[in-house]
Amino acid sequence: MKKLMSVLLLILLLAAGGYLFFRNARKPAAVQFPVEAILALDTTPVGISTIISDLNVPWEIAWGPDGQIWFTEQSGTISKVDPQTGVRKLLLTIPDVYRQRTLGLLGMAVSDNKLLPYVFVDYTHLNKDSSIVSRLVRYTYTADTLKDPLVLLELPGNTGHNGSRVAISPDGKIILSTGDAANGENAPDTASINGKTLRLNFDGSIPADNPYPGSPVWSRGHRNIQGLVYSSAGHLFASEHGDATDDEINYIQKKAFYGWPRVEGFADRADEKAYADSFPFTAPLKAWTPTIAPAGVDYYASSRIPEWQNSILMGTLKAASLRVLHLNAAQDAVTAEDIYFSGHFGRIRDICVSPAGDVYIATSNRDWNPGKGFPLPHDDRIIRLSALDQHAVTAPGIPVLKALPAAKPAASRGAAVYKNYCEACHKPDGKGVPGSFPALDQNTLVNGSVAPLISTIVNGRKGAAAGEQMPAFGFLPDEDLAAVTSYIRSSWNNHTDSVPVSGVLQARKKMTGNVLNEKK
């Protein structure tokens, strides 16, 4: 009997060993992704590695409850990638997604509640009548798929300004940012759900404690929010695109009004001050002019990279950089800003932080408006930034990145104004973006009489062909308007006379006279 028991025990041990062997054999081994470069902070070297490449504009990256990075691609797919192996798993392709310019599969939030295994995504859809809508859809996730789609909300969309970031609040609500759908008057209007942050229950119903009974509206007066994140104190922050000026980072609070379209930034113009006296608004924590096109944000709480602890990490598109916005102890003010990677990786669309304190950034160089020199081979990528041993900075053959030197001043005032306000759309070579932003090189309006050109620059262009709306630059001083007009009329293959300040004054006077005549 004793011998029989020994044999049975041996069989059980062998079976258990075989099970563990085959289970481990099925699990891919961790990969040592090569460190491509090192970012040298004050005391911490940060290794830079590519986790996955050749993506199609990853718009949202989120740390999943399974320890993997979940991501959307603008073309309509949802996938996850194992950050230890680089193995990708495609979870879903959504055929209803309408992809054009800034439209497509955009924001996503993944619930870490095991009892509520949901993924919330927002995407644009083209109806049969050619109208555009944004849809917030809930899916149920399993280990390897998403199923049971449920449309929670559908709202008007447009060829731009669709917002579409999604977050889950500490109290278990869905927060959705909506753009103004290219109509600024939507933003302050409580009857419209465009230009807002919205708050919903997981089933799409309206929480009883929302500020406007029966409405999902949580805050209003937003132009086009591109990033949402909660800090460790439970504060909600949003990055937002301005128009010609004043990109913003805002601390989002219940029932607060953020000013758009009457106020941009800090109400520092006379018309803005007059409006704010009658209609109080919540000012941003920080604003950027010239604009930088802020995108995705995440909160960094870890001591793994101590230089970034208690900060908002923000990617930018136009400025093609990673911004570290340091917060005060109360997490209600930005105390300092650090800028990294300017132009190095191209456009940075989104950011996520792992529980271990690693930072992941997603590039956006295969989208509709890539910067000069992009996309690079194997764009787009998800890149890991991870603290290394102090001795890593001496590793042979690995480039060390530091703060970039200050940009060289532009050769002229006109070139500087063009770079700050025009170059992102019309490009350094004046060729524009086909189908979106017209070329200035050999442009009839540019090379024609001065008055119509000045009028377009001052007043902008609204209601034009899709994608060709232009902000108004009437806030620029006459000297800057004269300089930039002269610059574009004499650059590339344009060889037209320059415009003196007196020419701008005459054009402005003529515009004012036309307005007065129209009112008579």
Side-chain angles (χ1 to χ4, degrees), residues 98 101-103 106-107 120-127 129-137 151-167 169 173-201 204-228 236 238-243 246-248 250-265 267 272 275-276 278-284 460 462-463 466-467 469 471-472:
Y98 176 52
R101 296 179 70 246
T102 63
L103 313 185
L106 306 175
F120 303 92
V121 299
D122 190 284
Y123 62 84
T124 47
H125 174 72
L126 185 66
N127 289 326
D129 64 359
S130 297
S131 62
I132 298 170
V133 294
S134 287
R135 286 178 175 172
L136 176 66
V137 182
V151 177
L152 301 183
L153 186 69
E154 187 170 283
L155 65 149
N158 209 316
T159 54
H161 298 208
N162 293 292
S164 303
R165 286 291 178 186
V166 190
S169 67
K173 308 298 182 185
I174 308 165
I175 304 295
L176 172 68
S177 73
T178 67
D180 66 8
N183 179 1
E185 298 305 322
N186 285 329
D189 184 1
T190 56
S192 169
I193 56 176
N194 287 100
K196 310 293 191 297
T197 63
L198 307 179
R199 182 171 178 262
L200 298 164
N201 293 317
S205 61
I206 309 298
D209 58 343
N210 271 16
Y212 303 97
S215 170
V217 172
W218 185 252
S219 68
R220 62 193 180 97
H222 301 290
R223 182 175 181 268
N224 195 23
I225 289 176
Q226 293 289 289
L228 284 176
L236 178 61
S239 63
E240 184 166 351
H241 282 189
D243 194 12
D246 294 292
D247 287 338
E248 300 176 349
N250 284 299
Y251 171 23
I252 304 298
Q253 300 176 68
K254 181 178 181 179
K255 207 176 182 178
F257 171 55
Y258 291 85
W260 177 255
R262 302 291 181 261
V263 179
E264 300 177 75
E272 293 176 329
Y275 180 85
S278 300
F279 301 94
F281 80 107
T282 300
K462 304 295 182 185
Q469 295 193 5

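Model, not experiment: these values are computed from the prediction.
To the nearest 0.5 Å, atom CZ of residue R165 and atom CG of residue L176 are 11.5 Å apart. Taking CG of N158 as the start and CG of N194 as the end, the distance is 9.0 Å to the nearest 0.5 Å. Within the model, atoms CD of E154 and CZ of R135 stand 4.5 Å from one another, a figure rounded to the nearest 0.5 Å. Considering OG of S192 and CG of L155, their distance stands at 8.5 Å, rounded to 0.5 Å.
Within a 6.0 Å sphere centred on NZ of K255, other residues, nucleotides and ligands contribute 12 heavy atoms or fewer.
In terms of heavy-atom proximity, V263 sits nearest to Y275 at CG2-CD2, 3.8 Å. D189 and K196 make their closest contact through O-NZ, 2.9 Å (heavy atoms, listed as atom of the first residue, atom of the second, distance). Across every non-hydrogen atom of P216 and L200, the tightest pair is CB-CD2, 3.6 Å. Here the closest heavy-atom approach between residue S134 and residue N162 is recorded as OG-OD1, 3.7 Å. Listed here is the closest heavy atom pair of A238 and I252: CB-CG1, 3.8 Å. Closest heavy-atom contact between G265 and F281: O-CE1, 3.6 Å.
In summary, the side chains of W218 and N210 do not present any donor paired with an acceptor at a separation below 3.5 Å, with no hydrogens or angles considered. Counting only N and O atoms by type, the side chains of S219 and T197 include a donor and acceptor under 3.5 Å apart.
Side-chain contact between L103 and I132 is present, with at least one heavy-atom pair separated by less than 4.5 Å. Under the 4.5 Å side-chain criterion, counting only non-hydrogen atoms from C-beta, I225 is not in contact with S239. Side-chain contact between V133 and P156 is absent, with no heavy atoms from C-beta onward closer than 4.5 Å. The shortest side-chain heavy-atom distance between L106 and V121 does not fall under the 4.5 Å cut-off. Residues L198 and I193 have side chains in contact (heavy-atom distance under 4.5 Å, counting atoms from C-beta outward). Within the 4.5 Å cutoff, no side-chain heavy atoms of F257 are placed close to those of T282. Using a 4.5 Å heavy-atom cutoff, the side chains of W260 and D243 are in contact. At a threshold of 4.5 Å between non-hydrogen side-chain atoms, the residues L228 and I175 count as touching.
Residues forming a side-chain contact (heavy atoms from CB on, under 4.5 Å) with N201 (at least two apart in sequence, or on another chain): K173, D203, S205, P207. When the ring-ring contact (aromatic ring centres under 6.0 Å, His included) test is applied to Y212, no partner is found at least two apart in sequence or on another chain. Not counting sequence neighbours, the partners of D246 by the side-chain contact (heavy atoms from CB on, under 4.5 Å) test are E264, A287, T289. Contacts of S164 classified as side chain to side chain donor-acceptor pair (under 3.5 Å), with partners at least two apart in sequence or in another chain: D122. Residues passing the salt bridge (charged side-chain N to carboxylate O under 4.0 Å, His left out) test with R262, sequence neighbours excluded: E185. Taking the ring-ring contact (aromatic ring centres under 6.0 Å, His included) definition, one finds that F120 meets it with F202, sequence neighbours left out. Remark: S131 pairs with N127, D129 by the side chain to side chain donor-acceptor pair (under 3.5 Å) rule, at least two apart or across chains. Under the salt bridge (charged side-chain N to carboxylate O under 4.0 Å, His left out) criterion, R220 pairs with no residue at all, not counting sequence neighbours. For the side-chain contact (heavy atoms from CB on, under 4.5 Å) test, residues two or more places apart in sequence or in another chain that qualify with N224 are H161, Q226, H241. For T102, the side-chain contact (heavy atoms from CB on, under 4.5 Å) partners at least two apart in sequence or on another chain are W368. Under the ring-ring contact (aromatic ring centres under 6.0 Å, His included) criterion, Y98 pairs with no residue at all, not counting sequence neighbours.
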Audit row: I174, L136, side chain to side chain contact (heavy atoms under 4.5 Å, CB included) steps and yes/no:
CA-CA 10 Å; I174 308 165; L136 176 66; 4.3 Å; yes

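Each salt bridge (Lys or Arg N to Asp or Glu O under 4.0 Å) pair with one or both residues in residues 207-219, not counting sequence neighbours, appears once here: R199-D209.
Judged by distance alone, the side chain of N186 and the main-chain N or O of G195 form no donor-acceptor pair under 3.5 Å. At least one donor-acceptor pair closer than 3.5 Å links the side chain of Y258 to the backbone N or O of Y251.
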